[in-house]
Each structure stands twice: as structure tokens, then as C-alpha cells.
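Residue numbers start from 1 in every chain, and the chains themselves are labelled A, B, ... in the order their sequence lines are given, proteins ahead of strands.
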There are 2 protein chains.
Amino acid sequence: MSSSTTADALNQRLADSGMRATPQREMVYEILLERRDHPTADELFARVKAKLTTISLATVYNCLDALVQCGLVRQVNYEREPSRYCCNLREHAHFFDTESGRIIDVDLPPEYVDRLRQVLPPGFVVHGIELGFRGIAPATLSASSAQ
Amino acid sequence: MSSSTTADALNQRLADSGMRATPQREMVYEILLERRDHPTADELFARVKAKLTTISLATVYNCLDALVQCGLVRQVNYEREPSRYCCNLREHAHFFDTESGRIIDVDLPPEYVDRLRQVLPPGFVVHGIELGFRGIAPATLSASSAQ
DNA sequence: CTAGGTGCAAAAGGTTTGCGGTTAA
DNA sequence: TTAACCGCAAACCTTTTGCACCTAG
């Protein structure tokens, strides 16, 4: 049920971008949805391999590229660390907790985003905004998403 | 004169962080100030090598690390591209022009920065904020800094 | 039948490190 | 004299690519 609807949605999204659904892509996406904790490709590889034992790391990278390209996944970069992957499609910023290494999603209200771009002089065409905080999160916040 | 005062400032900053001034560090910093165009380490290496012919790429990386650590230089990362280096110490965002590859500094008024952090729920300790825009800059803007 | 995907291994590419020699406090 | 720093080369690590094989449309 829920799993089949996400599979359908994935199928649709991939098709819209001229790509096919495959067991590997479905599994990578499913595992990414399972815990929304911004894993690296390597970490994801380990989790996926437990269920699809023959998958390779290169395929995980390829699947993630496909998911990013079709707009279902966001690639999150912090400094020069390995990329992390995020299946939260809402407009949000990232808080990088330097103590735990955790990434926390912070929802951004639409009017906040509008105000963000107002800092640009006129004439700039904006295709994307990236807002990141670095610091220490309240210890009590154990989930991977705030607000 | 101006060059000697920046050298003094560099010396001071390095000393404050327990490091020495060296010809290589001075030259890397000077070249970085010359054109404020966010070069990569490689690019900087080429420019510095023209004046300090024996310098090595590893030393450029080490010098940049030193300059970043003592707070005179900011390391700017965009997606997974090579790091770029920025000697603008004012609070500012970066606009990544996807057509030219250029990075444009956008000054952030203090009250804007204050408003940025207001999106965080209470309890978060912020040590740094990174705001980046991706898009197309007005062609007329040829300088590397806006506002 | 053919375009697109997978898995493997090797390559790429930016950055870091180890080491012997040098320099400045 | 001794701790910091340089230059060189090798190592590192994440990501990409080439290639042979497979599979769905």
C-alpha cells in the first residue's frame, strides 16, 4: 500500500525525466525514506546491501544521481565532507551539528524564502537558494527534523 | 606602504593563532587580495608560482589552511567543485553564476543576518551561517562584488 | 533488437600526509 | 637547538568512468 504508492510516484517521476524504475533505484529510495537521517552514499550502500546483496557502490551513486535528477532527492554538501542525501522535498535549511555530525532540517516558510532573495540587487535570476547553519543543536532534539 | 601594513596584519593574525609569517604565506595572501575573484587552490598556485617559482601546490594548500585558520580567508564550497578562497571578511553571501562560473559576493546587513537565525527554534547555538544563491547574474556586473 | 541499467574494477581528481632538509625564534 | 615550515612524492578518499553483460520496452 504505502510502499506501492511511493513506488508508483517514483516510477512516475523517473519516467518524467526519461528514466526507468529499477529494483535498485526503488530500494535506494525506500531505504532513504526509512530513516530520514541524511546518510552518505557509503552508509546508504551498507543499508541497501543488507537487502539487495549484489548491489555495488557505483550503482548506489548512479541511483542517487537518478533520484536527484528527477527531483526526489536533494544532495547536501557540507564543507568538503562526503555528500549526504536528503529526501525532504519541502523548502528547508540545514543545521550542521558540529558535535554530533548530525544534520537537522529546518523548515523555511515561503515568505522567509522570499525575504532571503531580497538581499540581491535587481537583475539576478535565482534558480536555487542554499541556507546552512553550523553550530550546536539542543541535546533534546533527537529527531532529524525540526519544526 | 599598504603592502607592508597588510603584511603586518597578517603577521599579527598568524601570531595570534600560534603560527609564523613566511614568504609563502605572505605571497599567497597578497595574490589573493590582488584580484578578489575566488580562485581555486590550483589557480592560486599558478599565480603565486609566477612570483615564487619554487613554491609547491602542497604549500599553497598549507598556506591557505593557515590563512583560513587565522581567520583572514574564507573557504567557499559550491556543490562538489574544488574549494575556492575568499578574502572578503565582511558578512556576505555568495551568488554562484551558473553561466560564467563566477562567484559574486553579496553583502549582508547585520539586521539581515539576525533575521536569518530567527528561523531556528530556540536552543540552537549558531557558530556560522552560510547563504548561497545559484542562478544567473546580470551580464553588466563584471566585478566580483555586489553592493 | 536496442537503449538504458547493473556490477566490477580501474581511473580521476582534489586534498592530505610523510619525510628529509631548511629556517626562524 | 628545536619547533615550525617547505617541497616533493606518494597516499588518500570520494566519486566517476569504461566495459562486458543483462534486461525491459
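The separation between B/R25 atom CZ and C/dA24 atom C1' is 12 Å, rounded to whole Å. When the P atom of C/dG14 is taken as reference, atom CG of B/L64 falls 15 Å away, rounded to whole Å. Whole-Å rounding puts the A/L52 CG to C/dC8 P distance at 12 Å. The nearest whole Å value for the distance from the CG atom in A/L67 to the C1' atom in C/dG5 is 14 Å. Between A/Q69 atom CD and C/dG4 atom C1' the separation is 13 Å, expressed in whole Å. The distance from atom CG of A/L10 to atom C1' of C/dG5 is 14 Å, rounded to the nearest whole Å. When rounded to the nearest whole Å, the span between CD of A/E79 and C1' of C/dT16 equals 16 Å.
Formation of a donor-acceptor pair under 3.5 Å by the B/S100 side chain with backbone atoms of B/R102 is found in this model.
Checked for salt-bridge contact, B/R25 and B/E30 miss the test: no charged N lies under 4.0 Å from a carboxylate O. Under a 4.0 Å N-O distance rule, the pair A/E43/A/R47 qualifies as a salt bridge.
At D/dA4, none of the side-chain N or O atoms of B/T22 fall inside 4.0 Å of OP1 or OP2 (strictly under the cut-off).
No side-chain heavy atom of B/H94 sits under 4.5 Å from any side-chain heavy atom of B/I104.
Linking ILVMFWY side-chain heavy atoms closer than 4.5 Å, directly or via other members, places A/I136 and B/L116 in two distinct hydrophobic clusters.
Taking the six-membered ring for Trp and the full ring otherwise, the centers of B/F124 and A/F133 sit at least 6.0 Å from each other.
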Just by protein heavy atoms under 4.0 Å, how would nucleotides 13-25 of chain D read 5' to 3' in B, S and -? -SBBB--------

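For B/S56, counting side-chain heavy atoms from C-beta on, the closest listed nucleotide (C/dG5, C/dT6, D/dC8) is D/dC8. Considering only side-chain atoms of A/M19, the nucleotide from C/dG5, D/dG7, D/dC6 that sits closest is C/dG5.
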